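One structure is given here, and the rest of the page talks about it.
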Amino acid sequence: MIARKRADIAWRDIAFGLRVCLWPTPPRPDGFCDEESLVCLSVRSGFDMLWSALAWPAGSEVLVSAITIPDIPRIIRHHELVPVPVDLDIATLTVDADALRRAITPRTKAILVAHLYGSRMAMEPVLAVAREHGLLVIEDCAQAFTGQDFKGHPESDVRMFSFGPIKTATAFGGGVLFVRDRALRAKMATLQATYPQQGRREFFRRVLMFSLFMLALAPAPYAAVIFFFRLIGRNHDEIVTGAGRSFGGPDFFQKIRRQPSLPLRLLLSRRLRTYPADRVQQRAAAGREVCAALPQGMVLGCRAAQHTFWLFPIVSHAPEALMQRLWHGGFDAARGSTSLCAVDPPPDRPETLPSASQAALANVLYLPVYAAMKSVDLQRLGRLVSRFETENSGGAEMAPGRVPFTASR
Ligand SMILES: Cc1ncc(COP(=O)(O)O)c(C=O)c1O
């Protein structure tokens, strides 16, 4: 069975992570962080600190590109602010400047956009709208890290990168926020300094746990893991999706309001310093190969100007049945139904319902597509999906077609 995802980390990085839990080394510059950056326990930790530091009046609105993780609107609401979704163009995974303008009210104070699944949307139109209305721009790059070459748009007020367990260049945690405004950054840093620290022992356990998870994702053990869950009547899709998640269970805000431990900082710094420049390009090439074999328009973001396929989401006519078919074919496709969501509109603004995003997520299926997969498997995956969709859509618009992706750099 080809697992849905490979953790993007080498065993020598893991060995380093474990070693610095016991014998920390002096910190070294990593070439990514700079005088504008703040290293946090996670993006969610930094995002929560941002709202605490801004302390905006209750009821202030934040326009949010409609697809994100559920914790993002949760954190906004926790600060008594109102997330207002702005629907996405599903083919490009971008928000339209006019749609942003239409969603603005006198209460709007910020725009938050997320680059999704490894794609990148152009920030200039977003920044132009923000300038017209004096709004803060937050650029969520949690799914868009490609290496030292990309730190978000320099004019975005806040840019956020995540290094959680399933992210590119993972350090099994950690988030880097770039904050342009010096006073705001200082406020956030001061707040973070009051938080308790993640324990070294806790980070050691975390590295060990995710290393086991990594081992389990190799083809032979993974097939055994799935067999075991089926035997005990459990859905492995939910369990594996859940295993890659941080901060589950109760006391969410207590869990995110902590400082990163020194070993986490050191591992993150090493990942940033040594991350191979061509790694993401290989993943993008695998993604383009499968795209070319699939019916046109089936891939979320198929017309994105830049895409590196951190995840490979497709919209299917029958996602559940296709997932079963792919499992039988040896590919661990995932519904991942709880990891990304369409943001709900505020009760008094039903017109902002993001229907295109909702419809896409209702039928989404994530395919295993990554650089370590052989071309023969990528091709077979493309054929299996194409054949299934042709059989299940009455044959309409199912001719395989090439999608005009460009390289990410
Ligand atoms: C779009 C997006 N934003 C924010 C986050 C949160 O990142 P972290 O896990 O570092 O809190 C994620 C994590 O999956 C994400 O996908």
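Here the structure is a predicted model, which is why all the values come from computation and not from measurement. Only heavy atoms go into these numbers, but all of them, side chains included; no hydrogens, no water, no symmetry mates.
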Carefully, step by step, assess H236 and D332 under the rule side-chain contact (heavy atoms from CB on, under 4.5 Å).
-> CA-CA 10 Å; H236 86 272; D332 182 34; 2.8 Å; yes
Donor-acceptor under 3.5 Å ([X] side chain, [Y] main chain):
X	Y	answer
T92	M121	no
Q143	Y117	yes
Q148	D30	yes
K187	S52	no
R335	A362	yes
E389	H317	yes
D96	A99	yes
D181	L184	yes
R279	T168	no
R303	A91	no

Looking only at non-hydrogen atoms, find the nearest pair between [X] and [Y] and report the distance.
X	Y	answer
M123	V137	CE-CG1, 3.8 Å
C33	F178	CA-CE2, 4.4 Å
G382	V290	CA-CG1, 4.5 Å
P368	F331	CG-CB, 4.0 Å
S386	P295	OG-CD, 3.4 Å
V95	V86	CG1-O, 3.8 Å

Considering only heavy atoms from C-beta outward, does the side chain of [X] approach that of [Y] to under 4.5 Å?
X	Y	value
L88	L116	yes
D48	H79	yes
D71	F47	no
L50	M188	yes
T108	V84	no
L18	L208	yes
T146	R120	yes
R265	P27	no

When you check the gap from the basic side-chain N to the acidic O, do R101 and E132 get nearer than 4.0 Å?
->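 Yes, charged N to carboxylate O under 4.0 Å.
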Cationic N near anionic O, under 4.0 Å, E61 to R107 |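 Counted as a salt bridge, because a side-chain N and a carboxylate O are separated by less than 4.0 Å.
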Mind checking the [atom1]-[atom2] spacing from [X] to [Y]? Nearest 0.5 Å is all I need.
X	Y	atom1	atom2	value
L112	M160	CG	CE	5.5 Å
R44	I69	CZ	CD1	4.5 Å
L378	R288	CG	CZ	12.5 Å
I232	F227	CD1	CZ	11.5 Å
I256	S246	CD1	OG	11.5 Å
T170	L268	OG1	CG	9.0 Å

Is the NZ or CZ atom of K5 both under 6.0 Å from the centre of the six-membered ring of Y370 and within 45° of that ring's axis?
->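 The answer is no, since K5 fails at least one limit relative to Y370.
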Determine, for F163 and R271, whether the Lys NZ or Arg CZ falls below 6.0 Å from the six-membered ring centre while staying within 45 degrees of the axis.
->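 Here R271 fails the 6.0 Å and 45° test against F163.
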More than 12 heavy atoms of other groups within 6.0 Å of [X] [atom1]:
X	atom1	answer
Q282	CD	yes
F253	CZ	yes
E351	CD	yes
R234	CZ	no
W23	CH2	no
R201	CZ	no

Evaluate the salt bridge (Lys or Arg N to Asp or Glu O under 4.0 Å) criterion for residues R200 and E202: first the C-alpha distance (whole Å), next the side-chain angles of each, then the deciding distance (0.1 Å), finally the verdict.
-> CA-CA 5 Å; R200 274 198 217 182; E202 177 193 331; over 6 Å; no
For the pair I14 and M214, evaluate side-chain contact (heavy atoms from CB on, under 4.5 Å) and give the outcome as yes or no after the intermediate values.
-> CA-CA 11 Å; I14 291 179; M214 238 178 100; 3.6 Å; yes
Distance-only polar pair, side chains of T25 and R19, donor-acceptor under 3.5 Å =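 Looking only at side-chain atoms, R19 and T25 do not form any donor-acceptor pair under 3.5 Å.
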Can you tell me if D87 and S357 form a side-chain donor-acceptor pair at under 3.5 Å?
->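 Yes, S357 and D87 have a side-chain donor paired with an acceptor closer than 3.5 Å.
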Carefully, step by step, assess R131 and E155 under the rule salt bridge (Lys or Arg N to Asp or Glu O under 4.0 Å).
-> CA-CA 11 Å; R131 272 186 228 115; E155 284 171 37; 2.6 Å; yes
Residue pair F309, C291: steps toward the side-chain contact (heavy atoms from CB on, under 4.5 Å) verdict = CA-CA 10 Å; F309 301 100; C291 261; 3.8 Å; yes
Yes or no on salt bridge (Lys or Arg N to Asp or Glu O under 4.0 Å) for E36 and K151, after CA distance, side-chain angles and deciding distance?
-> CA-CA 11 Å; E36 290 192 347; K151 292 192 192 181; over 6 Å; no
Please find out if less than 6.0 Å separates the ring center of F172 from that of F213.
-> no
Criterion side-chain contact (heavy atoms from CB on, under 4.5 Å) on L326 and V385, from CA distance to verdict | CA-CA 8 Å; L326 291 175; V385 173; 4.1 Å; yes
Run through F150, Y275, F145, W310 and flag the one making a side-chain contact (heavy atoms from CB on, under 4.5 Å) with V280.
-> Y275
